[in-house]
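Heads up, the thing below is written out as structure tokens.
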Amino acid sequence: MRRPSTTYGRIAAVVRRVPRGSVATYGQVARLAGLGRAARQVGYALHALPTGTSIPWHRIINAGGRISLPPDAGGIDQRLRLLAEGVTVTESGRVSLERYQWRPRGRA
DNA sequence: GCGGTGACGGTCG
DNA sequence: CCGACCGCCACCG
């Protein structure tokens, strides 16, 4: 699979590799996608995903280990999806990166 | 091409 | 722990 040449394509390609039961941060995705510090753009791209996409967007949280998506904007759904995969998420949306952050091999 | 904008990230109070 | 600021970068009007 050739890596997509578009920014959104690259972001999607990286997010798709995040395994079930694990999470990744926006900044982590940005770097793995070769976007440097364009972490904000990752959130922007995920927000643009169509409803019902196969891309596991709910596995992406911020560097503070918290759900960044406002509750009334889908954050509730994201939390439930993570819980369904066995990821512990507190009521305030806190996730232990120590336990669940994805550590891909090889590439940085 | 310019400027506003955001599902970010790090720092400081 | 929470809010305020500032720096970053690609998207969009």
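Here is the naming used below: chain letters follow the sequence lines, and residue numbers restart at 1 for every chain.
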Contact nearer the 5' end of DNA chain C, comparing A/Gln41 with A/Arg66: A/Arg66
Partners passing salt bridge (charged side-chain N to carboxylate O under 4.0 Å, His left out) against A/Arg81 (at least two apart in sequence or in another chain): A/Asp77
Pairing string, 5' to 3', for DNA chain C - Watson-Crick or wobble contacts under 3.5 Å, brackets [ ] where pairs cross, | to another strand: .||||||.|||||
Distance, rounded to the nearest Å, where A/Leu46 contributes CG and B/dA7 contributes P: 10 Å
Residues touching DNA chain B, which here means a heavy atom under 4.0 Å, drawn from residues 4-15 of chain A: none
Those residues that, when tested against A/Gln41, pass side-chain hydrogen bond (donor to acceptor under 3.5 Å, both in side chains) (two or more places apart): none
How would you list, by chain and number, every residue that makes a side-chain contact (heavy atoms from CB on, under 4.5 Å) with [X], sequence neighbours excluded?
X       : result
A/Pro19 : A/Ser22, A/Trp102
A/Arg99 : A/Thr88, A/Ser96
A/Ser92 : A/Arg66, A/Thr90, A/Arg94
A/Pro70 : A/Asp72, A/Ala73

Quiz item: A/Tyr26 side-chain donor-acceptor pair to B/dA7 base, under 3.5 Å: yes
Identified side-chain contact (heavy atoms from CB on, under 4.5 Å) counterpart of A/Val23 within the set A/Val18, A/Val89, A/Leu82, A/Ile67: A/Leu82
Boundaries of the DNA chain C segment in contact with chain A, non-hydrogen, under 4.0 Å: C/dC2 to C/dC12
Side-chain donor/acceptor of A/Gln78 to backbone N/O of A/Gly75, under 3.5 Å: no
Heavy-atom check, side chain of A/Gln101 versus side chain of A/Thr25, under 4.5 Å: yes
Stretch residues 52-65 of chain A: residues that reach within less than 4.0 Å of DNA chain C through a heavy atom: none
Contact list for DNA chain C against residues 77-98 of chain A - heavy-atom distance below 4.0 Å: none
Taking only distance into account, with no hydrogens and no angle test, what donor-acceptor pairs under 3.5 Å do side-chain atoms of residues 42-58 of chain A form with protein atoms, sequence neighbours excluded?
| residue | atom | partner | partner atom | Å |
| --- | --- | --- | --- | --- |
| A/Thr53 | OG1 | A/Ile55 | N | 3.2 |
| A/His58 | NE2 | A/Glu85 | OE2 | 2.8 |

